[in-house]
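Before any comments, here is the structure.
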2 protein chains.
Amino acid sequence: MIETFAALSDPHRFRIVELLRSGPRAVNDIGERLRLHQPQVSKHLRVLKEAGLVDVQPRAQQRLYELRAQPLRELHEWLERYHQLWDARFEAMDELLEELQQEEKPHGRSKK
Amino acid sequence: MIETFAALSDPHRFRIVELLRSGPRAVNDIGERLRLHQPQVSKHLRVLKEAGLVDVQPRAQQRLYELRAQPLRELHEWLERYHQLWDARFEAMDELLEELQQEEKPHGRSKK
DNA sequence: GCATTATATTCCTTGACGAGAATATACCTC
DNA sequence: GAGGTATATTCTCGTCAAGGAATATAATGC
């Protein structure tokens, strides 16, 4: 989790991840689109790979880097634990449900 | 967004955020629970505050720090754009919806 | 095998960050 | 206003990470 945050806390790596959202890319392709020198791209990709955020598969001399789902999924699960905090509707709804009409109409918002 | 990642990429700050999930806390309270020296707690809280992740409100000599919703909400919204990547069901559903029954029943799953 | 293309690694320098210790500031009580 | 409590800031030091330049490695085609 922390490694995921660390990997995404660099602006260039963040842009790489954003770019890879549209599909796998070769190293030079990334470098050209983001205006980065090839060595830096490789270095950033290495960090992303060690953080588990990307995966590689060779294609001739090229290396196609693609996003991995797992870290983002874990990030999402972590964030879910804060859901009640940032979604005000839930708080208001919870209060309403609990204080006023507990029995009248249980319009099925399963809390967990 | 990147500032959020940077703030959460430090282990101590991450633990502070996790602790604050249970509600506002004073500085010394945080330090005792997480076994951190007071100055470091203050410094980390400052970073979190500048990143917009926490807010302060004075209570006598104490400063109660509490989580702010907005950055987590933005993080969630950002993650949503990767939803199709890590939730395989959505890909299948998108294909079905687009290829087969575009006009039949638009049961409003807004792609954006 | 050799040239070419594509990518990875190393070395170096610089800047940012975190920890610890000491000190400063703010607020309360009496 | 003196003393105590709670928090913030400063300073220094060591470490680590990022960028640039140069070089090394890998795969391809002839």
Side-chain angles (χ1 to χ4, degrees), chain A residues 1-68 71 75, chain B residues 1-68 71 75:
Chain A
M1 184 90 323
I2 285 182
E3 205 177 4
T4 302
F5 287 130
L8 293 172
S9 68
D10 179 87
H12 291 152
R13 282 196 294 268
F14 183 81
R15 292 176 66 210
I16 291 177
V17 168
E18 291 266 86
L19 176 60
L20 289 184
R21 193 159 62 93
S22 62
R25 302 263 178 199
V27 178
N28 274 336
D29 188 7
I30 297 173
E32 289 171 7
R33 288 175 189 266
L34 303 186
R35 299 284 183 143
L36 297 174
H37 295 162
Q38 178 265 317
Q40 335 296 348
V41 176
S42 286
K43 280 186 273 191
H44 283 308
L45 285 171
R46 184 183 188 180
V47 176
L48 290 173
K49 182 159 187 295
E50 286 175 347
L53 274 164
V54 300
D55 218 344
V56 208
Q57 58 188 91
R59 198 65 119 215
Q61 317 111 308
Q62 307 195 109
R63 305 294 155 96
L64 295 185
Y65 282 83
E66 65 182 351
L67 275 183
R68 282 191 67 238
L75 187 52
Chain B
M1 185 87 328
I2 284 182
E3 206 177 4
T4 302
F5 286 130
L8 293 172
S9 68
D10 179 86
H12 292 332
R13 283 197 293 269
F14 183 81
R15 291 176 65 208
I16 291 177
V17 168
E18 291 266 87
L19 176 60
L20 289 184
R21 193 159 64 93
S22 61
R25 303 262 176 198
V27 179
N28 274 336
D29 187 5
I30 297 173
E32 290 170 7
R33 288 176 190 267
L34 303 188
R35 300 282 182 143
L36 297 174
H37 294 163
Q38 179 266 318
Q40 335 298 348
V41 177
S42 286
K43 280 185 276 190
H44 282 307
L45 284 171
R46 184 183 188 180
V47 176
L48 290 173
K49 184 160 186 294
E50 287 175 348
L53 274 164
V54 301
D55 218 344
V56 208
Q57 57 187 91
R59 196 67 117 219
Q61 317 110 308
Q62 309 196 107
R63 305 294 156 97
L64 295 185
Y65 282 84
E66 65 182 350
L67 275 183
R68 282 190 67 239
L75 187 52

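If you're wondering where the values come from, they're calculated on a predicted model, not measured in any experiment.
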Study note, to complete from the structure: Separation of dA8(D) atom P from Leu64(B) atom CG, nearest Å, is 11 Å
Revision key, fill the gap. In whole angstroms, the gap separating C1' of dA16(C) from CD1 of Ile2(B) amounts to 16 Å
Study note, to complete from the structure: Here the distance between atom P of dT7(D) and atom CD of Gln57(B), to the nearest Å, is 13 Å
Study note, to complete from the structure: On DNA chain C, more 5' by nearest nucleotide between Gln62(A) and Arg46(A) is Gln62(A)
Review point. Does Tyr65(A) have a side-chain nitrogen or oxygen under 4.0 Å from the phosphate oxygens OP1 or OP2 of dA8(C)?
Key: yes
Practice item. For the pair Arg68(B) (side chain) and Asp55(B) (backbone), establish whether a donor and an acceptor sit closer than 3.5 Å, ignoring hydrogens and angles. Key: no
Review point. Rounded to the nearest Å, what distance is computed from the CZ atom of residue Phe5(A) to the C1' atom of nucleotide dA17(D)?
Key: 20 Å
Review point. What closest approach, in Å, do Ala51(B) and Pro71(B) show between heavy atoms, and which atom pair accounts for it?
Key: O-CG, 4.3 Å
Study note, to complete from the structure: Quick tally for nucleotides 18-30 of chain C: nucleotides whose base has a protein heavy atom under 4.0 Å get B, sugar-phosphate-only ones S, the rest -, giving SBB-B---SBS--
Check your understanding: Within this structure, what is the NZ-to-P distance between Lys49(A) and dT7(C), rounded to whole angstrom?
Key -> 15 Å
Check your understanding: Taking atom C1' of dA18(D) as reference, at what distance in whole Å does atom CG of Leu45(A) sit?
Key -> 15 Å
**Study point:** Side chains of Val47(A) and Lys43(A) in contact at under 4.5 Å (non-hydrogen atoms)
**Key:** no
**Study point:** Interatomic distance, Arg25(B) CZ vs dT7(D) C1' [rounded to whole Å]
**Key:** 18 Å
Exercise for review: Please answer whether the main-chain N or O of Val56(B) pairs with a side-chain N or O of Arg63(B) as donor and acceptor at a distance below 3.5 Å.
Suggested key: no
Check your understanding: Does the side chain of Leu53(B) reach to within under 4.5 Å of the side chain of Leu8(B), using non-hydrogen atoms?
Key -> yes
Exercise for review: Nearest whole angstrom, please: distance from the C1' of dG19(D) to the CZ of Arg35(A).
Suggested key: 18 Å
Review point. Hey, does the side chain of Asn28(A) come within less than 4.0 Å of dT7(C)'s phosphate (OP1/OP2), counting only N and O?
Key: yes
Check your understanding: Can you check whether Ile30(B)'s main-chain N or O pairs, donor with acceptor, with Arg25(B)'s side chain at less than 3.5 Å?
Key -> no
Practice item. Test Leu75(B) against Phe5(B) for side-chain contact (heavy atoms from CB on, under 4.5 Å), laying out the working first. Key: CA-CA 9 Å; Leu75(B) 187 52; Phe5(B) 286 130; 3.5 Å; yes
